Enquirer: 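Before we start, here is the structure in question, set down as structure tokens.
Fair warning: this is a prediction, and the values are worked out from it, not measured in the lab. No hydrogens, no waters, no symmetry mates; every other heavy atom, side chains included, goes into these values.
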Amino acid sequence: MLRKILIVDDDAIARMAVAGVLESENAWTLTQAGDGRQALDLLEAGFRPDLCLLDVRMPLIDGLEFTRRVRADERFRDLKIVVTSGSTDREAIVAFARLRVSGFLPKPCSAEKIFGVLRPLLAPATPA
């Protein structure tokens, strides 16, 4: 079964770069959004990704506000979120950690780092 990844970044080139890396494997389907508002609209319309790859700084609704809203909504609360950022703002990192994000990827992200974070998070659950 293909896993669904939502890539949320206002930089179209960054989205295409990450999508290009992920498309090298046929393990997932990709959907893209240009900001947190578009991503929330997709969720509200019924799209249920297995994981969201989320930029921090975006117009309209930034990554932190998107994460707050997702965690506050029972329907989306358990969405796996991996934050991507070129910033090392400690306060932002702590705020995301408090919101239980699943991981962080510093920009620029190498293919090795992307797969190193995403594969374990999207691996099928093994029976106990």
Side-chain angles (χ1 to χ4, degrees):
M1 180 174 98
L2 293 178
R3 307 300 290 233
K4 295 179 279 189
I5 297 176
L6 175 59
I7 302 169
V8 186
D9 196 316
D10 62 316
D11 183 339
I13 294 171
R15 284 195 318 268
M16 289 188 308
V18 170
V21 168
L22 294 173
E23 287 170 347
S24 69
E25 293 190 358
N26 292 326
W28 23 67
T29 60
L30 307 175
T31 301
Q32 298 182 31
D35 59 55
R37 175 75 265 155
Q38 289 178 359
L40 284 172
D41 288 346
L42 286 167
L43 295 177
E44 289 290 340
F47 178 63
R48 295 296 180 265
D50 296 294
L51 182 138
C52 179
L53 199 54
L54 179 71
D55 186 30
V56 173
R57 293 193 176 135
M58 296 179 290
L60 301 180
I61 295 178
D62 67 13
L64 192 55
E65 182 60 23
F66 170 85
T67 305
R68 283 184 184 123
R69 291 183 188 194
V70 164
R71 293 297 183 243
D73 192 316
E74 191 173 301
R75 298 170 296 170
F76 318 129
R77 185 171 291 151
D78 294 326
L79 174 63
K80 293 174 184 160
I81 298 173
V82 174
V83 175
T84 64
S85 179
S87 171
T88 55
D89 178 1
R90 184 166 170 72
E91 282 184 38
I93 292 170
V94 169
F96 278 108
R98 286 186 178 139
L99 290 167
R100 301 177 341 272
V101 296
S102 302
F104 295 92
L105 280 169
K107 285 183 178 180
C109 308
S110 69
E112 182 178 306
K113 285 184 181 181
I114 292 170
F115 290 131
V117 170
L118 298 190
R119 281 183 185 136
L121 291 172
L122 294 173
T126 53

Enquirer: How long is the gap from CZ on Arg48 to CG on Leu43, to the nearest 0.5 Å?
Expert: 6.0 Å
Enquirer: Return the CD to CG distance between Gln38 and Asp10, rounded to the nearest 0.5 Å.
Expert: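 Here the interatomic distance stands at 10.0 Å.
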Enquirer: Looking only at heavy atoms, what is the nearest atom pair of Ala39 and Ala33, with distance?
Expert: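 Answer, listing the atom of Ala39 first, then Ala33: N-CB, 3.7 Å.
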Enquirer: Nearest 0.5 Å please: distance from the CG atom of Leu122 over to the CG atom of Leu2.
Expert: 11.5 Å
Enquirer: Report yes if the side chains of Leu64 and Leu99 come closer than 4.5 Å at any heavy-atom pair, otherwise no.
Expert: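 When only atoms from C-beta onward are counted, Leu99 and Leu64 do touch, with a gap below 4.5 Å.
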Enquirer: Determine, using the 4.5 Å side-chain heavy-atom cutoff (strictly less than), whether Leu105 and Leu6 are members of one ILVMFWY cluster.
Expert: no
Enquirer: Apply the test side chain to side chain contact (heavy atoms under 4.5 Å, CB included) to residues Arg71 and Ile81: give CA-CA distance (whole Å), side-chain angles for both, the deciding distance (0.1 Å), then the verdict.
Expert: CA-CA 10 Å; Arg71 293 297 183 243; Ile81 298 173; 3.9 Å; yes
Enquirer: Answer whether the closest heavy-atom distance between the side chains of Phe76 and Arg69 falls below 4.5 Å.
Expert: no
Enquirer: Using the side-chain hydrogen bond (donor to acceptor under 3.5 Å, both in side chains) rule, collect all pairs that involve residues 98-119, keeping only residues at least two apart or in two chains.
Expert: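 Counting only pairs at least two positions apart or across chains, the side-chain hydrogen bond (donor to acceptor under 3.5 Å, both in side chains) contacts touching residues 98-119 are Asp9-Lys107, Glu25-Arg119, Asp55-Lys107.
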Enquirer: Suppose we screen for salt bridge (charged side-chain N to carboxylate O under 4.0 Å, His left out). Which residues come up paired with Asp41, at least two apart in sequence or across chains?
Expert: Arg37
Enquirer: Please say which of Ile5, Leu51, Asp50 ends up in a side-chain contact (heavy atoms from CB on, under 4.5 Å) with Trp28.
Expert: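 Of Ile5, Leu51, Asp50, side-chain contact (heavy atoms from CB on, under 4.5 Å) with Trp28 is met by Ile5 alone.
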Enquirer: Of all the heavy-atom pairs spanning Leu54 and Gly63, show the shortest one and how long it is.
Expert: CD2-O, 3.4 Å
Enquirer: Identify the heavy atoms of Asp35 and Met58 that sit nearest to each other, and give their distance.
Expert: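 Closest approach of Asp35 to Met58: CA-SD, 3.7 Å.
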Enquirer: Verify side chain to side chain contact (heavy atoms under 4.5 Å, CB included) between Leu118 and Leu22, making sure each step is shown before the conclusion.
Expert: CA-CA 10 Å; Leu118 298 190; Leu22 294 173; 3.7 Å; yes
Enquirer: Is it true that Ile7 and Val56 fall in one hydrophobic cluster, defined by side-chain heavy atoms closer than 4.5 Å?
Expert: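 Ile7 does not cluster with Val56.
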Enquirer: Within the 4.5 Å heavy-atom criterion, are Cys52 and Val8 side-chain neighbours or not?
Expert: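 Yes; the side chains approach each other to less than 4.5 Å.
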Enquirer: What are the two closest heavy atoms between Lys80 and Leu121, and how far apart are they?
Expert: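 Where Lys80 meets Leu121 most closely, the heavy atoms are NZ-O, 2.7 Å.
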Enquirer: State plainly whether one hydrophobic cluster holds both Phe47 and Leu53, where clusters connect Ile, Leu, Val, Met, Phe, Trp and Tyr through side-chain heavy atoms under 4.5 angstrom apart.
Expert: no
Enquirer: I need the minimum non-hydrogen distance between Cys109 and Pro106, along with the two atoms involved.
Expert: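 Heavy-atom minimum between the residues: SG-O, 3.2 Å.
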Enquirer: Checking side chain to side chain contact (heavy atoms under 4.5 Å, CB included) for the pair Arg75/Glu44: CA distance, chi angles, key distance, verdict?
Expert: CA-CA 9 Å; Arg75 298 170 296 170; Glu44 289 290 340; 2.9 Å; yes
Enquirer: To the nearest 0.5 Å, what is the distance between CG (Asp62) and CZ (Arg57)?
Expert: 9.5 Å
Enquirer: Do you know which two heavy atoms are closest between Phe104 and Val82, and how far apart they sit?
Expert: N-CG1, 4.3 Å
Enquirer: Is the shortest side-chain heavy-atom distance between Phe115 and Val21 below 4.5 Å?
Expert: yes
Enquirer: Quick check for you: to the nearest 0.5 Å, what is the distance between Arg68 atom CZ and Phe96 atom CZ?
Expert: 8.0 Å
Enquirer: Could you walk me through whether Glu23 and Leu30 satisfy the side chain to side chain contact (heavy atoms under 4.5 Å, CB included) test, starting with their C-alpha distance in whole Å, then the side-chain angles of each, then the deciding distance to 0.1 Å, before giving a yes or no?
Expert: CA-CA 8 Å; Glu23 287 170 347; Leu30 307 175; 3.6 Å; yes
Enquirer: Pick from Leu60, Val70, Asp73: which one makes a side-chain contact (heavy atoms from CB on, under 4.5 Å) with Leu40?
Expert: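 For Leu40, the side-chain contact (heavy atoms from CB on, under 4.5 Å) check succeeds only for Val70.
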